[in-house]
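Okay, so here's the structure we're looking at.
Each chain gets a letter, A, B and so on, in the order the sequences are listed, and its residues count up from 1. Atoms considered below: every heavy atom in the structure, side chains included; atoms not considered: hydrogens, waters and symmetry mates.
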Amino acid sequence: MTALRHLLRDPVAALGLALVLFAIVVALFAPWLAPYPEDAFESRLLQRLKPPSAEFPFGTDNLGRDILSRVILGTRSAVVVAVSVVLAAMLIGVPVGLWAGWREGWVSETLMRVTDVFLAVPQLILALALGQLMAPGLTTAMVALALTYWPFFARTVHAETRRLRGALFVDALAGIGASTPRILLLHVLPNAAPAILVRATIGMGFTILTAAILGFLGVGAAPPSPDWGLAVAEARQHLPEAWWFPTFPGLAILLLVLGFNLLGDGLRDVADPRLRRGR
Amino acid sequence: MKPMLSVEGLSVRIGTGRGQARILDEVTLSVPRGGTLGVVGESGCGKSTLLRAILGILPRGTQVPAGAILFEGRDILADRAASARGRIGFIPQDPYLSLNPVFTAGAQILEAMRHHAPGTRRDHKAKLAELFRAVQLPDPEAALDKYPHEFSGGQRQRLLIAAALACDPALVVADEPTTALDVTTQREILALLRQLTAARGLSLLFVTHDFGVLAAVCERVAVLYAGRVAETGLTRAVLDDPRHPYTRMLLGCHPDRAVDLTGIPGTVPAATAQPAGCRFHPRCPLVQPGCAREVPPMLPLAEGHAVACPFHALPLPEPALA
Amino acid sequence: QQRPLVWGDTLPATLDPHAVFDVPSQFILLNIYDGLYRYQGNPPQLIPWLAERHSVSEDGLTWEITLRDGVNFHDGSPMTAEDVVYSFRRLLAMNRAPAAAFTPVLKAENVSAPDARTVRFVLSTPYAPFLAAMPLVAIVNPRVLTANEKDSDRGAEWLAANSAGSGAYRMDSATYRPRTALDLVRFPEHFRGWADNPKPIDQVRSRPVMETSTRVLALLRGEIDATDSYLPTDQVERVERNARTRVAKDESMRVFILRMNNRKPPFDNKDARLCFAHAFNYPGFNEIILKGLVIRNPGPNPNNLWGNPEGMAPYSFDLAKAREHCDKARAAGAPLGREIEIHVQSELEQTVQAAQMFQADLRRVGVSLKIVPSTWPNITGSTGRPETTPDMWVHWVSAYFIDPENWIGQMYDSRFHGTWKASSWYQNQQVDALLAKARTSLDQSERARLYAEATKLVVADSPDIWVYNTVNLRGLTRRVQGYSFSPVGSGGELRTLSLAD
Amino acid sequence: MPEILGAAGLTVELGARRRLFGTRPGVRAVDGVDLSVAAGETFGIVGESGCGKTTLARTLLGLQREASGEIRLGGLVVSGQDSATARRQRAAVQYVHQDPGAALDPWWQVGAALAEGLAIHGVTDRAEQRIRIAEMLVAVGLDPALANRYPHELSGGQQRRIGLARILLLRPKVVILDEPTAGLDLSVQAAVLRLLRELRDRFGLTYLFISHDLSVVRRVCDRVAVMYLGRVVEQGRAETLFAAPQHPYTRALLAAAPRLDGAAAGPSLPGDPPSLRAIPAGCRFHPRCAQADAGCARLEPALVETSPGHLTACHHARRAA
Amino acid sequence: MARYILRRILLALPALFGLVLLTFVLTRVIPADPAATLAGDAATPAQLAEIRARYGLDRPLWEQAVTHMRQVLSGDLGSSIFSGRPVMEEIVFRLPATLELTFVALLLATGLGVPLGLLAALNHNGPIDHLARLISVGGLAIASFWLAIMLQLIFAMDLDVLPLRGRIDVALGAPPTVTGFFLVDSLLAGRLDLLVDTLRHLALPAVTLCLPGLASIARFTRSGVLETLQKDFVLYAQAAGYGRVRLAAIYVLRNAVTVTVAQIGLLFGALISGAVAVEAIFDWPGLGTYAVQAILSADYKALLAVTLVVGVVYAVVNVLVDVAQALIDPRVAEQVK
Ligand SMILES: Nc1ncnc2c1ncn2[C@@H]1O[C@H](COP(=O)(O)OP(=O)(O)OP(=O)(O)O)[C@@H](O)[C@H]1O
Ligand SMILES: Nc1ncnc2c1ncn2[C@@H]1O[C@H](COP(=O)(O)OP(=O)(O)OP(=O)(O)O)[C@@H](O)[C@H]1O
Ligand SMILES: [Mg+2]
Ligand SMILES: [Mg+2]
C-alpha cells in the first residue's frame, strides 16, 4: 500500500498506471465499448477508407471497417499477449535465474551460458524464424516472444539471487536450519519481486511493440484480427492518403507501451531500496 | 582573540513525510584559534548535520530558521560568497566510501585544489606529494596515480587527511574519522591528526561518539543530545566531573566506568517528535515538573564549563547508578 | 549530365538465367541475355529473336532451328549453334526452374548442332508448347563460363553475380549487389541494332525498393523512374495525379486464384466447392477494392489467351445460391462446420484482403474461414502431398510462356500432382485425356478446341475460384518514353526506352 | 566445567574455486586453531578486522566447511560433514550476526521471522508459536507488540534483541555472538550487554563472544583468545590476559584502545594488518613486531602454555616465562 | 588487462557454439522446403529429390548439423541455397551497412541519452525530470516502423529535405569499397560530397533506430546518476568544493555510466532487431533485410550465417563493453583476477 502511495505521488508513474488501467478496462469491456463490435470480421466495402467523421471517429480501413472499434477490440489481444508472454517468460526465466543464481558450479554456469545464447540471437530474427517454424500466427508469435524474453528474467533473477545469496539474512536463515527451497521460495523470491515486477512491466511494453513489429512483418496476428501492428502494416499501402489508418492503431500502441514503461519506471523508483530505506 | 569558528544559536529543520524534523536547535559552540573542540553524542543527535551546516552542504530541503556560523569573524551561513571552503578542510567518516572509486587518488584531490589553491597543476602535484609524505603514506609519488581500492583503510584515511590539508585550511572538521578503522589503525590516525594540527597550528572540530577518542584528541568538548548542547567545557573537566544528568548517565554506561551495566532508560526521541522543554526530561531521573515546559539555559560553571540543567548539582538517584 | 534511368523493380535472387525463373528474373533474361525467341507486344507475339526460322518433323519430335548470323556476345565472340547447344545442355543439367518445361520431353544428348547455324532438338514425345517455351532459355557464352568454372559447376557460382550474355545491356559486375543494386550499360553492338530507338538509354541503374509504400513515395519524389508492375490499386490515382509520374496500365495474363484442396473434405464435394465459388464477392473485390483495375476472369486461362470456350459465364456472387449448394453439401455429409484454413502470402496485401473479404461473406452462409499468414516457400513447400496442402490458398499464376499449357495444362492435369501449380489435386480422367492430347497435337485449331473442351469441364467442376486477370500497373516518371508492355516480362525490356529531357 | 564446544587444528580455506582452467587458490582465513569452550562460560575472541573471527564462527556453526581439523560438540566429533548435515548436527550452536538488521528478511514482519525459526524446528502450531514468541520478546526486553513491525522499523538495539530472540527460541546451548555491540551507542550497548548476561543465567547458555572492542571483552568474558591472521596468538583468563599480556600483539592491541583518561600506554603498532593473501613466513606478526629478531622470521612459534591456563605463541614470551 | 580481455573472449566462445547449434536446429525444422523453391515451377518430385540430395537436405538432421558445424569451424558459411553465391560475400557488404547504421544510431542514442539522463537526475522529481522521462519513455514506446513511415512522409515527402531511402544517391554511386562503411570510404576517397550524401541518407533511419536506445540509455544514466549522487564520496567532493557542473558531468557521471555502458551491450541486440523493420522501410541494404529475405525464401544457409555473424558481432560488442567498463571502473578488472 505504501508502495502504491509512493507510486501515485510520482505524476509520471501515476500516468503510466492510469494508462495501463484504462487499457485493461477497455480490454475487459471491449465488445460493449466498441461502436461496431462485429467489425472484427465484417467487411463493408462501400465505406472503405473513409476519413474520421461523427459516424467513424477514427475513420475506416481498407475493408470499410470502423477503426475505432478495431482499436478498442485490439486492446484485448494486446493486453492478453503482453500478459501471457510475460507470464510465460517468467515461468521459464525465474526458475532458471533462481537456480543458476543460487548454485555454484557447472550447472549454474551452463544455465547462464544458455541464457547468453538466447540473448545473442536477435529477438526479432528468432521470432521470425520461429514464426516460420510453426504456423505463423498470434500463438506462434507469443511463443517466440516468450522464448526470446525469458533470458531477461533469468538475468534479472540471477543477479538478484546472487546478491541475496550473500545477504546476511539468508545466511541467518541457513543458520537456523531453513531448507534451500524454503529460503528460495519464501525469502529470495519475494525480495527479488520488485526487480521482477519492474522487468515484467517493461517486458509488457516490449512485448506489445515486438508483437506489433511481427504483425507488421506478417508473422504475428493473423487477419482479420484487429491487431494494431497488423493494422499499421495493412495501412502502408494506403499512405499518405489514408493517414488515419495507421495513425490511430499506432497511437494505441504508443499509449499502451508508454503506460507499461512509465509504470515500470515508477516501480523501479519505488522498489529502489534507497527510497524504501530509513526508519 | 576571536575564535576561529563560532556557531551561534544554529537551528536546522527539515520537512519529512512525518512532519518537521528539528535536527539542531539553538546550538552554540566555538572553536578557538589553534584549539580543538570535540562534539560527542549518540547516533542521530545531529553531529553530522552540524558539520554539513558548517561546510555549506546541507541536504536539499533543509531550512535554517535561526543562527549564524562565523568563520574568522564572517558569517558564512548568510553570505555564501564568503564561504571559505578551501579554508575549511574536511575529513569524512568512512574512508571506504568517501573516495570515488573510478578516479585516481591524485585526480580527486587535485580537482579540489584547482578551485581553491593558488598555483599551477605542477605546483599542486608537488605539494600533494609533500602532503602524502607528511601523512606517512608509503611511496607518496606513486600514490597519486593509484586508485582508492589499491589502498588499505588506514591508508585511505591518511589520504583523506592529506586531502583535507591540501588547500591550506585554517580549520579542519572531522566526522568520526576513525569509526570504520581497527583500534590499532585508529591509534595511528589519531596520533597523526594530533601531530599535524599541532605542527600547523590548525583549529580542529572533531565529531565522535567515543569518549576515549575524545579524550585522546580534544581539549574542549560539547555534548550534544537530540540536537541541543547539553554540556560543554574542558574535556578533562567534563569527563572527570560530568554535570548534566545525561552526560553522567552516558559515561556511566562506559565499560571502563560502569559499576554495573544499566544503560539509560527509554530511547532518544525521533527528530520529528522532540519533547517540549528539556529534550532529556522523559528519560531523566532528576526530572521536575518545570523541565517539560522550559528549555533550560546554559549555566556557566568554572573555566568555560557550562551545562544546560538547573539541577546539575543534585546527585543521581541510586537505581540509575546501581 | 543526365540522371541515369533508375529502375525500381525487384531483382532476382541470382543473375544466373538458368537457375531461376520468376517474374524478376525476366528482367535479366530480356536485357542482358537473348533467347532464340522472344515475346513482344500485347497480345504477345512470339517472334524469332536469335533464330531465323524453325522446322518441325511430321511426328512433331524433331525440331530444327536456324540461327541468325552476326550475333556477338558481350566479349565480342560470335555466337554459334554450339553455344546454343551448350546453353540448353547447361539448363537441363542444372535442372532448375526454367528447365521444368523441357525436362519431361528433352534429354541433354538430344540437343545437337548439325552445323554452325543449326540447332536440332529431338523430343521424346511430341510437345506442342515447345516453341512457346523457347523464350525461357537464355543463350550464354560458354567461353566465359568455362573460364570461371569451379568444381565443374558450369560457372554457376560465378554467373550468379556476373553475366555471359549477348543482350542489349551489359552489367557492371563490380557494383553489383545481390537484390540491391545492378548497374547496366548499353551494349552498342547488339545484333538488333539501335535503329528503331534514336535515343536509347546508356545507363540504367536497377535499385529495387522493398517496401511498397516506400516504392510509391520514391517514385513520386523521382528517386526511381519505375516501380514494379503491381502498383497497389489504391495508389494509382495518386501517382497519376502527380505531375511527374504516370501509371502504365496493361492487360496482362496473370490469373488471381483461390485454390481449394479437392482431396480434403469438404472440398471433395462439388456442391461445397460451388458454394464457395458463389460466396466470393467478385464485383466487390474487383470493382471496389481493386477499383476496377482488373478484369473478371471466369476460368483458369486468362481471358485474352486462345483456347477459351465461347461465351463462358463466370460464377456470380450470389449468397442465396451459395447457401443452397452448402445445404446440399451438408446433406451429403460434407463437413462444412469445420474451420477452414486459407493460407495467404502475408507480404502480398491483396491475398490478405481477398481472404478477409471472403471470410466475412462466408460467415453469412455459416462457414468459418481461418486466415493463416504464410509465405510462398512455406506454401509451395507443403503442396507436395494432399495431406499437407492447405485447405485453401491464394496466389496468381503468371505468364511464363504463352500457351494454355502454362495455366490449365499444368494446373488441372493430374500428372502434375505434387507441384504447386496443381495443388488443388483436381482429378478428372476426361480432362487428363483432353489435356494430354492437346499437349502433343501440333494443330493449333485442334488444340484450341481441346483446351476449350477441357476448360468447360473444369469450370463445371469448379475445382478453384478464378477471380480476375491482372492489369499490370507500373508507375513511371514521365521522362520515361517508349515503354512497351508484353505479358511475359511485364514491360521490363529496356531496349525500346528513352528518356525525355 | 566440562568442555561443550571445541576445535583442534581447525583450518578453513575461503574463496578457492574450481575453474575451467585450473583452480584459483583460496586464502586460509583460519589456520590451525585449537579451542576449548567450557559449558557456561563466556569465551571471547578478539582481533583486528579480517583476522578470521567470523569465519571461525561460521565454521564452528557448520555454515562453512573446514578444510581440516576437528570440531567437538558436547564430547562428540561433528566435523567432516557436508554443510547441510553439519548444520543439522550442530543445532545446539546458534549464531547472532554482526549486523542484526541485515540478518532479518526485510519483507517479513519480525513476528513471522521468529515463527519461521520455530516452524523449521517443528513447532507449527500457531497458538503455541504466538505464546512462545511473546514470552521470548518479553525475555529480551521487548514489547510483544513489536512482533508486527518490519525490521527497518526497529532501532539497532531492538534489532539485536530480535536477533537474540530468534535463536533463543531454538533453545541452543551455545550462542556465538558476532560483534554484538558494534555500531551501538554506549547507552544501548550497556543495555544489550546486561541483557546478554541475564539471558545466559536464565537459559544456561555458553557464549562465544567475538569482538574487537577490548573494553567490552574485558568486562564480559571469562576467557579470551586473541587472533592474528587466522591463528590464535594468545589465550587465557580475561583478568590475567588484560593485566599481563604476554604476546606483543596483545600488548599493542591493548595499548591502542582509547582510554577515558586520555593516557596513551605502551607501544603503538605500526603498519596495516597484512593481507591473508601474503602471510609472512615465520611468525606472522614479525614484520610489525618491535621485538622481532631473525629467528622470528624463520620459525613459526607454537601456541604453548606460558603460565598455568595461559597460552602464548611467541618465541620471546617463552623466554620471558 | 590483456588477460582480462582474453578471458572475456574465451567465455564468449561456448555461447557462440550454442548459438550455431540452436539456430541450426531452428532453421532446419522449418517446414518450408528450400528444394521446392529452388526447383521452381512445375518441378517433378524426382527433380526435388535430386536437389535435396545435392544440398544434403535428405541426410538425417544430426548429420546435417555435424556437417554444418564442421563447415562453420573451417570458416565456410556455405552458399546461399537460393542465390547460389557464397553467403559470406553477401554478408561482407551487408554487415558494414548494418553496422554503420547501428553505430550511428548508438552514437546518437548515447550522445543524446546520457545528457538527457543526467539532466533528469539533477532535477530529480522536478518538471525537467518528468519531461525527460516522458520523452525518453516515449521513445521506447514508439513502434519503429510507424515512426519510420511518419518520418518519411514529413522529411522526405512534405518538407523534401532528406532522401527517402537507400544509403547513397543513385546518381552519385557508392564510394570505392575499402571498409564497406560509406562514411569511412568516402573520406578515404576524399569525396566530401559522398560523405555529406551518406550522412543525409543516414539521418532518418538512424533517428528512427536510435529512439529506443536513447530512451534506455537516458533511463539508466538517470538512475545511475541518482544512485551515485547518494554516495558518500559525492558529499565529500561537495564539501571539498568541487564545481557543480564538473561534479555532475565528470565526477558523478563516470561512476554512473558503468551501468549505462553495460546496457549498451544488451541494447545492441535490440538495435539489430530494430534494424530489421527500419532497414526494410528505408531500403537499407543491411543484414536485417537480408535475414528477412532469407526467412521468406527459406534460405536456411543464409539465415544461419546471419545469426552467427550477428552473434559474433554481439559477442564482440559485449567484450568491448566489458573492456570499456574495466577502463571506466578500475575495480572491474580487479574483481576478475
Ligand atoms: N534528510 C533527512 N530527513 C529527515 N531526517 C533527517 C534527514 N537527515 C538527517 N535526519 C535526521 O537528523 C538527525 C541527525 O542526523 P545526523 O546524521 O546529523 O546525526 P549524527 O549525530 O551524525 O548520527 P550518527 O552518529 O549516526 O552519524 C537524525 O535523527 C536523522 O534521522
Ligand atoms: N569468499 C571469500 N574469498 C576470499 N577471501 C575471503 C572470503 N570471505 C572472506 N574472506 C577473507 O577472509 C578473511 C577473514 O574474514 P572474516 O569475516 O572471518 O574476518 P573477521 O575477523 O570477522 O573480520 P571483521 O572484524 O571485519 O568482521 C578476511 O580477510 C576476508 O577478506
Ligand atoms: Mg553522523
Ligand atoms: Mg566478522
Side-chain angles (χ1 to χ4, degrees), chain A residues 10-12 15-16 110 113-114 116-135 152 155 202 205-206 209-210 212-213 216-219 228-229 232-233 235-236 239-240 243 246-247 249-250 253-262 264-265 268-269 272 274, chain E residues 11-12 14-19 21-23 26-27 29-32 125 129-130 133-134 137-138 140-147 149-150 153 157-158 212 215 219 223 226-227 230 266 269-270 272-277 280-281 288 291-292 295-296 298 303 306-307 310-312 314-315 318:
Chain A
D10 177 357
V12 180
L15 175 64
T110 311
R113 288 290 91 80
V114 170
D116 280 351
V117 171
F118 274 87
L119 276 176
V121 191
Q123 287 114 29
L124 212 62
I125 294 183
L126 184 64
L128 276 172
L130 272 176
Q132 294 293 299
L133 167 65
M134 301 178 276
F152 289 93
R155 272 220 171 178
I202 293 175
F206 171 85
L209 215 51
T210 318
I213 296 182
F216 180 82
L217 291 174
V219 284
W228 298 339
V232 178
R236 277 180 292 179
L239 283 176
W243 57 267
T247 300
I253 298 175
L254 177 81
L255 287 180
L256 185 52
V257 178
L258 192 70
F260 274 118
N261 280 325
L262 289 178
D265 237 29
R268 192 199 299 273
D269 280 2
D272 196 318
R274 279 176 286 123
Chain E
L11 277 179
L16 285 180
F17 182 80
L19 180 67
L21 209 62
L22 173 78
T23 43
L26 272 183
T27 45
V29 278
I30 289 177
N125 281 336
D129 184 23
H130 294 320
R133 282 169 65 195
L134 212 59
V137 176
L140 212 53
I142 291 184
S144 57
F145 53 90
W146 181 67
L147 179 69
I149 294 175
M150 294 298 153
L153 290 180
M157 302 312 292
D158 287 350
R219 287 158 62 142
S223 66
L226 280 181
E227 196 176 315
Q230 314 284 323
L266 281 180
I272 297 251
S273 285
V276 174
I281 292 169
V292 173
I295 289 167
L296 291 183
L303 187 57
V306 171
T307 33
V310 171
V312 169
Y314 180 84
N318 275 291

Carefully, step by step, assess E:V137 and A:L258 under the rule side-chain contact (heavy atoms from CB on, under 4.5 Å). CA-CA 6 Å; E:V137 176; A:L258 192 70; 3.9 Å; yes

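Remark: A:F152 pairs with A:Y149 by the ring-ring contact (aromatic ring centres under 6.0 Å, His included) rule, at least two apart or across chains. Take A:R113 and apply the side-chain hydrogen bond (donor to acceptor under 3.5 Å, both in side chains) test, not counting sequence neighbours, and it matches A:E109, A:D116.
The line from CH2 of E:W146 to CD1 of A:I213 is 14.0 Å long, rounded to the nearest 0.5 Å. To the nearest 0.5 Å, the span separating CD1 on A:I202 from CZ on E:R219 amounts to 4.0 Å. One finds the CZ atom of E:R133 at 7.5 Å from the CG atom of A:L262 (value rounded to the nearest 0.5 Å).
Highest contact tally toward chain A, considering only E:V292, E:T307, E:V310, is held by E:V310 [criterion: heavy-atom pairs under 4.5 Å]. Top candidate by heavy-atom pairs under 4.5 Å with chain E, chosen from A:A233, A:G250, A:G16, is A:G250.
A:F206 does not touch chain E: none of its heavy atoms, backbone or side chain, sits under 4.5 Å away. Using a 4.5 Å cut-off between heavy atoms, E:A143 touches chain A through backbone and side chain atoms alike. Neither the backbone nor the side chain of E:M157 comes within contact range of chain A, judged by heavy atoms closer than 4.5 Å. Interface residue E:L153: only side-chain heavy atoms are found under 4.5 Å from chain A. Residue A:T210 does not touch chain E at all, counting heavy-atom pairs closer than 4.5 Å. Contact annotation for E:L147: neither backbone nor side-chain heavy atoms come within less than 4.5 Å of a heavy atom of chain A. Only the side chain of E:I149 comes within contact range of chain A, with heavy atoms under 4.5 Å apart. For A:L15, the part lying near chain E is the side chain, with the backbone staying farther off; criterion is any non-hydrogen pair under 4.5 Å.
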